[in-house]
Engineer: 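This is the structure I want to talk about, given as structure tokens.
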Amino acid sequence: MVFDAVSEGGHEQVSYFADPETGLQAIIAVHDTTLGPGLGGTRILDYETEDDALSDVLRLSKAMTMKAAAADLDLGGAKAVIVGDHESIKTDALLRAYGRAVEAMGGRYITSVDVNSSVPDMEVIATETEYVAGRADGLGDPSPITATGVRRGIETAVEFEYGTDSLEDVSVVVQGLGKVGSALTGQLVERGASVTVSDISQENLASIRESYDVDVVDPDAVYDESCDVFAPCAIGGVVNDETIPRLACDIVAGAANNILAERRHADALADRDIRYVPDYVINAGGLITVAEEYHGGTREDAMAKARAIGDRLETMLERADGSEMTVLDAAEAYARERIEAADRATPASFD
Ligand code: NAD
């Protein structure tokens, strides 16, 4: 299973770490380091089987390669999983053992926060290794920076579709009013967009309505709401066989990771004349922020790079239209070409 899966995905390295004393069982997958060391979070999950853990870390690390390359970062793609229920296994001793595992990767892998791993956990890991981003004294919550990148993505797609980058009277449905969705809603309303929001949390709905004049749609009816832009900012997989026939928008562009249930849904959207803006291109603000922190940059630097997401997306939109490919195809081509060009130029160095 391991050798087949690794060669199929084109991964450079998959390392297993076990520490019986603390119960640590971790897999670190480095997908591609052509552009630089692989940066990706550590996910702590109670996987049912070892194969489930391996599949997840292989899939996630490969996605990080594309995300970093499409964001013009000099970083590769990697990810790690720690197997187990985070509430019972997460001790300082286990995190330190894991920190030693990260250190053993010798800088090919830089870790950060992910599902069930937090900023305080990074501080413990950092007692054993320098290859950590997302620190307590770092650049802080990336969500407003992520929201800015998503907003620039929406403006660029709107300009491409309607010939104006003004959001005045453009209708946007924002699904999910968490850290990113609420910040995005604010930015959109401030630019004159007509925003309808949806969340399963009554508290989050009440809080946004205190600050902004927005309409609300029931979570189950969100896919039927007629709008220019549908912006999923809650969970993945919301664009699928069941929802695509219901969508009444021109553009899908949001912050959620893995908006498409499957890759083929990009084509299904295109068949309905709905433009899908790849999530990993416009939600890269989070990755940009941790990368900036790791390289000693400032929050302003990260914000400037997140704003540039609009320019990169424009290149991809033009390429997609010029060659009748989807924007997802164009984004993948953009990322692959950056890696191939770097590969031809100089071998990566991690000194
Ligand atoms: P969050 O947990 O703060 O917010 C998620 C919100 O979605 C919550 O308000 C929750 O109540 C709501 N929600 C959950 N299920 C819903 C449903 N079925 N319908 C409507 N609302 C629902 O998360 P976040 O940090 O705002 O991130 C949002 C998405 O963007 C996630 O998919 C995340 O992986 C992705 N993302 C976030 C960042 C970042 O910087 N925070 C960066 C890149 C990608």
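Residues: numbered from 1 along the sequence shown. Indexing begins at 1, ligand by ligand and atom by atom, following the structure's order.
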Engineer: Give the single entry among Asn283, Ile288, Leu205 that approaches atom 43 (C) of ligand 1 most closely by any heavy atom.
Structural biologist: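 Checking each option, the heavy atom nearest atom 43 (C) of ligand 1 is found in Asn283.
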Engineer: Sequence neighbours excluded, which residues qualify as side chain to side chain donor-acceptor pair (under 3.5 Å) partners of Asp267?
Structural biologist: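 If we apply the side chain to side chain donor-acceptor pair (under 3.5 Å) test to Asp267, skipping adjacent residues, there are no hits.
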Engineer: Going by the order shown, which atoms of ligand 1 are within less than 4.0 Å of some heavy atom of Leu177?
Structural biologist: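 So the atoms of ligand 1 that pass are 9 (O).
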Engineer: Counting heavy atoms only, which part of Ala256 comes closer than 4.0 Å to ligand 1: side chain, backbone, both or neither?
Structural biologist: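 It is both parts that get close, each with some atom under 4.0 Å.
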Engineer: Please state which protein non-hydrogen atom is closest to atom 4 (O) of ligand 1 and give its distance, to 0.1 Å?
Structural biologist: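 Minimum-distance protein heavy atom for atom 4 (O) of ligand 1 reads Gly178 CA, 3.1 Å.
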Engineer: Any idea which part of Asp199 is under 4.0 Å from ligand 1, heavy-atom wise: side chain, backbone, both or neither?
Structural biologist: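 Both parts.
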Engineer: Looking at ligand 1, does any of its N/O atoms fall within less than 3.5 Å of an N/O of Gly286?
Structural biologist: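 Gly286 vs ligand 1: no N/O contact under 3.5 Å.
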Engineer: Met105 and Met64: same hydrophobic cluster, using ILVMFWY side-chain contacts below 4.5 Å?
Structural biologist: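 Yes; Met64 is reachable from Met105 via cluster members.
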Engineer: Is the closest N or O pair between Lys67 and ligand 1 shorter than 3.5 Å?
Structural biologist: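 No; every N/O pair is 3.5 Å or more apart.
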Engineer: Do Arg151 side-chain atoms and Gln187 backbone N/O form a donor-acceptor pair below 3.5 Å?
Structural biologist: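 No, Arg151 side chain to Gln187 backbone: no donor-acceptor pair under 3.5 Å.
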Engineer: Measure the distance from atom 15 (N) of ligand 1 to every protein heavy atom, then report the residue, atom name and distance (to 0.1 Å) of the closest one.
Structural biologist: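 Sorting protein heavy atoms by distance from atom 15 (N) of ligand 1 puts Ile200 CD1, 3.5 Å first.
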Engineer: So which protein heavy atom does atom 1 (P) of ligand 1 come closest to, and at what separation?
Structural biologist: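 I find the closest protein heavy atom is Lys179 NZ, 3.7 Å.
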Engineer: Could you tell me the residue and atom name of the protein heavy atom closest to atom 22 (C) of ligand 1, and the distance to it rounded to 0.1 Å?
Structural biologist: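 Sorting protein heavy atoms by distance from atom 22 (C) of ligand 1 puts Ala234 CB, 3.5 Å first.
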Engineer: Establish, from distance only, whether the side-chain atoms of Asn257 and Tyr280 form a donor-acceptor pair under 3.5 Å.
Structural biologist: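 The criterion, which ignores hydrogens and geometry beyond distance, is not satisfied for Tyr280 and Asn257.
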Engineer: Of all the non-hydrogen atoms in the protein, which one sits nearest to atom 34 (O) of ligand 1, and at what distance?
Structural biologist: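 Here the nearest protein heavy atom works out to Asn257 ND2, 2.9 Å.
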Engineer: Just checking Asp213: does its CG atom have more than 12 heavy atoms from other residues, nucleotides or ligands closer to it than 6.0 angstrom?
Structural biologist: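 Incorrect, the count does not exceed 12.
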Engineer: Ignoring hydrogens and geometry beyond distance, is a side-chain donor-acceptor pair present between Ser207 and Asn204 at under 3.5 Å?
Structural biologist: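 There is no such pair (donor and acceptor under 3.5 Å, judged by atom type) between the side chains of Ser207 and Asn204.
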Engineer: Would you mind telling me if ligand 1 is within reach of the side chain of Asn204, the backbone, both or neither, using heavy atoms under 4.0 Å?
Structural biologist: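 Contact part for Asn204 vs ligand 1: side chain (C-beta onward).
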Engineer: How far is atom 44 (C) of ligand 1 from its nearest protein heavy atom, and which residue and atom is that?
Structural biologist: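 Of the protein heavy atoms, Ala255 O, 3.4 Å lies nearest.
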Engineer: Table please: side-chain donor-acceptor pairs of residues 166-181 below 3.5 Å, with sequence neighbours left out.
Structural biologist:
| from | atom 1 | to | atom 2 | distance (Å) |
| --- | --- | --- | --- | --- |
| Ser166 | OG | Glu168 | N | 3.0 |
| Ser171 | OG | Asp228 | N | 2.9 |
| Ser171 | OG | Asp228 | OD2 | 3.2 |
| Gln175 | NE2 | Tyr223 | OH | 3.0 |

Engineer: For Ser117 versus Thr42, what's the shortest heavy-atom pair and its separation?
Structural biologist: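 For Ser117 and Thr42, the tightest heavy-atom pair comes out as OG-O, 2.7 Å.
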Engineer: A quick test of your reading: do over 12 heavy atoms of other residues, nucleotides or ligands sit less than 6.0 Å from CD of Glu318?
Structural biologist: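 Yes, the 6.0 Å shell around CD holds more than 12 heavy atoms from other groups.
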Engineer: Tell me which protein heavy atom sits closest to atom 40 (O) of ligand 1, plus the residue, atom name and distance to 0.1 Å.
Structural biologist: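 Heavy-atom neighbour on the protein nearest atom 40 (O) of ligand 1: Thr146 OG1, 2.7 Å.
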Engineer: Can Lys67 and Asn283 be counted as having a side-chain donor-acceptor contact under 3.5 angstrom?
Structural biologist: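 Result is yes, a qualifying pair exists.
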Engineer: Could you check whether any side-chain N or O of Asp301 sits under 3.5 Å from a backbone N or O of Thr298, counting only pairs where one atom can act as donor and the other as acceptor?
Structural biologist: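 Checking the backbone N and O of Thr298 against the side chain of Asp301, a donor-acceptor pair under 3.5 Å is found.
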Engineer: My understanding is that we take every heavy atom of each candidate and find the minimum distance to atom 39 (C) of ligand 1. Doing that for Asn258, Asp114, Val180, which one comes out nearest?
Structural biologist: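 Minimum heavy-atom distance to atom 39 (C) of ligand 1 goes to Val180.
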Engineer: Among all protein heavy atoms, pick out the one at the shortest distance from atom 41 (N) of ligand 1; state its residue, atom name and that distance to 0.1 Å.
Structural biologist: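 Minimum-distance protein heavy atom for atom 41 (N) of ligand 1 reads Ser143 OG, 3.2 Å.
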Engineer: Does any N or O atom in Ile235 lie less than 3.5 angstrom from one in ligand 1, N or O only?
Structural biologist: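 No, since none of the N or O atoms of Ile235 sits under 3.5 Å from an N or O of ligand 1.
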